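Input: a single structure, listed below in structure tokens.
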Amino acid sequence: MAQKPSIPKGTRDFTPSEVVKRNYIFDVVKRHFQTFGFQPIETPSFENSETLMGKYGDEGDRLIFKILNSGDFLNKVNDELYSLKDSNKITSSISEKALRYDLTVPFARYVVMHQNELDFPFKRYQIQPVWRADRPQKGRFREFYQCDADVVGSDSLLQEVELIQLYDTVFTELKLDGVTIKLNNRKILAGIAEVIGAKDLLIDFTVALDKLDKIGEDGVKKEMLSKGISEFAIEKAAPLFNLKGSNTDQLDALDALLENSKEGKKGVDELRFIMETIVSLGMQSAKLVIDVTLARGLNYYTGAIFEVAAPKGVSMGSIGGGGRYDDLTGIFGLKDVSGVGISFGLDRIYLVLEELNLFPEAIDRSLEVLCLNFGTKEGLAALKLTTVLRKHGIKADIYPSEAKLNKQFKYANNRNVPYVILLGEEELNNSSFVVKNMQNGEQKTYSLSDTQQFIDSL
RNA sequence: GUGGUUGUAGCUCAGCUGGUUAGAGCGCUGGAUUGUGGUUCCAGAGGUCGCCGGUUCGAACCCGGUCUUCCACCCCA
């Protein structure tokens, strides 16, 4: 019985046109990763579970795809554990491997394992798929690509500055105008939590704060209260909810708010340095704004936090993000290696470019010239001509069988071929070929002994 | 993981309170046109109505389950 074919939830097939467009984005991103001095690495699609588990919080652990052990794995579980039917506890006994959830943690593992071969600061880029057992939504898949650039082994803030320039360069090249790079600093958030006396609830505080533009001031306060943050503390943090004005105005306000927090002050200073340096360097097309409510991202960030928002009017979550993490390699035994990195969300950038119609024209043109087939003898001559064109790097093909011209032309039309070559009995007799321009219908005759004339006209 | 939503021809979608043989546009195939596509005209093919079960004399339509789509939450690229 034939079964109806299907693919798992949250995964996709890509058509030729989609692959070409995705490659276009990959190529731009990759090219600029390289011009900024990053080197490529790749890591396995699955890692040992202990490498990944516990690095992304409880929520993250739930979203990691676990790989079942091979063999009779259930038989190896001890009876007591089995009878408890506790999925979380039994997982580690039946699964030792898991699909990678992002590229940053595997990179940290890579740096630790290869520390003696690397020259620090080590700048690496990595473009590979990652998997999350999430519930799919628009722009949210269970298999998707991340394009990451990270620097480890340097705590210079110039790295942050360069990464912002890298974002700006890539989005400018993609013609994606009006992208906003949001910038915040974990130290500021920690400082605020300290100042208002909610140091232990930093994560809950930031997660709630992050929702400000979504659920509003009242919604944020409500959530903070429900997480156990006191009314007094929330009132103290109130200036945050209305932080407006220019970047420098906001920095000054933060300075005042954080005057009793050493860590918070440091965060403001870092932010100020990055902002001022970027201002003096200038940006090509992106906007850089401070957003103290920006808190998303993973728990391992310790300094700068980036998030890239699509141009206004496009409904899409963030199309990139990143930040500085001072001790990611520490969990694998390598201390005092600071890292900072950014990620491009390829799948979402694709959706945005598609929506705004920003892919180059004719990008998915897979064929420039199609030779029609008029029979055995004529077909052979056409194939010779096709071979010459191909040697000149022209995407050329010959229709494989002597079908009706109507059908051959229709095929050329559907494949969007700009030039069709007719080489029939008459042309063969006088060593010529006819080129039809499919846009305007004009036909020109060229000599078979001077194909260069046609090639030059392209 | 929680709540909701969607699924009918290759594609986009109609289909009345449950009632004979489930429709349209586009696309596809053939013809008008034996060497000229994208326009036009004519004809034709194509559907286990997501899947499984239930209610009913009778189910695309009602009910349950399941898969899928999209949305909100959680979280995130």
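Please read all numbers here as calculations on a predicted model, not as lab measurements. Proteins come first, then strands; the chains are lettered A, B, ... in the order of their sequence lines, and each starts at number 1.
Base engagement by A:Gly139 is indicated by at least one non-hydrogen atom pair under 4.0 Å involving a base atom. Backbone-only contact: A:Val207 has heavy atoms under 4.0 Å from sugar-phosphate atoms and none from a base. Here A:Gln443 lies in heavy-atom contact (under 4.0 Å) with a base. When heavy atoms are screened at a 4.0 angstrom cut-off, A:Leu422 is found touching base atoms of the nucleic acid. No contact: A:Tyr411 has no heavy atom under 4.0 Å from any strand. Within the nucleic acid shown, A:Gly10 comes within 4.0 Å of sugar-phosphate atoms alone, with no base atom in reach, counting heavy atoms only. Residue contacts for A:Gly57: at a heavy-atom cut-off of 4.0 Å it reaches no nucleic acid atom on any strand shown.
For the P atom pair drawn from B:A77 and B:C16, the interatomic distance equals 45 Å after rounding to whole Å. Nucleotides B:U8 and B:C62 have their P atoms positioned 15 Å apart, rounded to a whole Å.
Here the two rings, on A:Tyr101 and A:Phe65, have centers that are 6.0 Å apart or farther.
We find that CD of A:Gln137 is positioned 9 Å from P of B:C70, with the value rounded to whole Å. We find that NZ of A:Lys407 is positioned 11 Å from C1' of B:G30, with the value rounded to whole Å. The nearest whole Å value for the distance from the CG atom in A:Asp13 to the C1' atom in B:C11 is 16 Å. Atom CD1 of A:Ile7 is separated from atom P of B:C67 by 16 Å (rounded to the nearest Å). A:Leu405 places its CG atom 14 Å from the P atom of B:A32, with the value rounded to the nearest Å. Computed from coordinates, the A:Lys410 NZ to B:G31 C1' distance equals 11 Å when rounded to whole Å. A:Arg142 has its CZ atom 11 Å from the C1' atom of B:U68, to the nearest Å. Rounded to whole Å, atom C1' of B:C74 lies 12 Å from atom CD1 of A:Ile215.
With respect to the salt-bridge test (charged N to carboxylate O, under 4.0 angstrom), the residues A:Arg390 and A:Asp397 qualify. One finds no salt bridge joining A:Lys21 and A:Glu18 here, because no Lys/Arg side-chain nitrogen approaches an Asp/Glu carboxylate oxygen to under 4.0 Å. A salt bridge is absent between A:Glu47 and A:Lys55; no separation between the charged side-chain nitrogens and carboxylate oxygens falls under 4.0 Å. Under a 4.0 Å N-O distance rule, the pair A:Glu270/A:Arg324 does not qualify as a salt bridge.
Between A:Leu52 and A:Asp61, the closest heavy-atom pair is O-OD1, 4.5 Å.
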>> Does A:Tyr301 form a side chain to side chain donor-acceptor pair (under 3.5 Å) with A:Asn184? I'd like the steps, not just the answer.
In response: CA-CA 11 Å; A:Tyr301 290 135; A:Asn184 194 12; over 6 Å; no
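Under a cut-off of 6.0 angstrom, the local environment of CD in A:Glu425 is sparse, with at most 12 non-hydrogen atoms contributed by other residues, nucleotides or ligands.
Neither side chain, A:Ser338 nor A:Asp155, offers a donor N or O lying under 3.5 Å from an acceptor on the other.
At B:C28, one or more side-chain N or O atoms of A:Asn414 fall inside 4.0 Å of OP1 or OP2 (strictly under the cut-off). For the OP1/OP2 pair of B:C73 and a distance below 4.0 Å, the side-chain nitrogens and oxygens of A:Lys214 include at least one atom meeting the criterion.
Under the stacking definition used here (centres under 5.5 Å, planes under 30°), the residue A:Phe344 fails to qualify as stacked on the base of B:A77.
On a pure distance criterion of 3.5 Å, a polar donor-acceptor pair joins the side chain of A:Glu427 and the base of B:G35. With hydrogens and angles left out, the side chain of A:Lys9 and the base of B:U68 share no donor-acceptor pair within 3.5 Å. Judged by distance alone with a 3.5 Å cut-off, no donor-acceptor contact links the side chain of A:Asn413 to the base of B:G38.
Using the six-membered ring where Trp is involved, A:Tyr350 and A:Phe359 have ring planes that are tilted, between 30° and 60° apart.
For A:Glu223 and A:Asp347, each mapped to the nucleotide of RNA chain B holding its nearest heavy atom, the one lying further toward the 5' end belongs to A:Glu223. A residue-by-residue look at A:Lys404 and A:Ser343 shows that A:Lys404 has its nearest nucleotide of RNA chain B further toward the 5' end.
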Look for any protein N or O under 3.5 Å of an N or O in nucleotides 2-7 of chain B and output each such pair with its distance, or none.
residue, atom, partner, partner atom, Å
B:U2, O4, A:Arg135, NE, 3.2
B:U2, O4, A:Arg135, NH1, 3.0
B:G3, O6, A:Arg135, NH1, 3.0

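Judged by distance alone, the side chain of A:Arg12 and the main-chain N or O of A:Glu143 form a donor-acceptor pair under 3.5 Å.
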>> Dot-bracket, 5' to 3', for RNA chain B please: Watson-Crick or G-U pairs under 3.5 Å, [ ] where pairs cross earlier ones, | where the partner sits on another strand, dots elsewhere.
In response: ((((..(..((((.....[...)))).(((((.......))))).....(((((..]....))))))..))))....
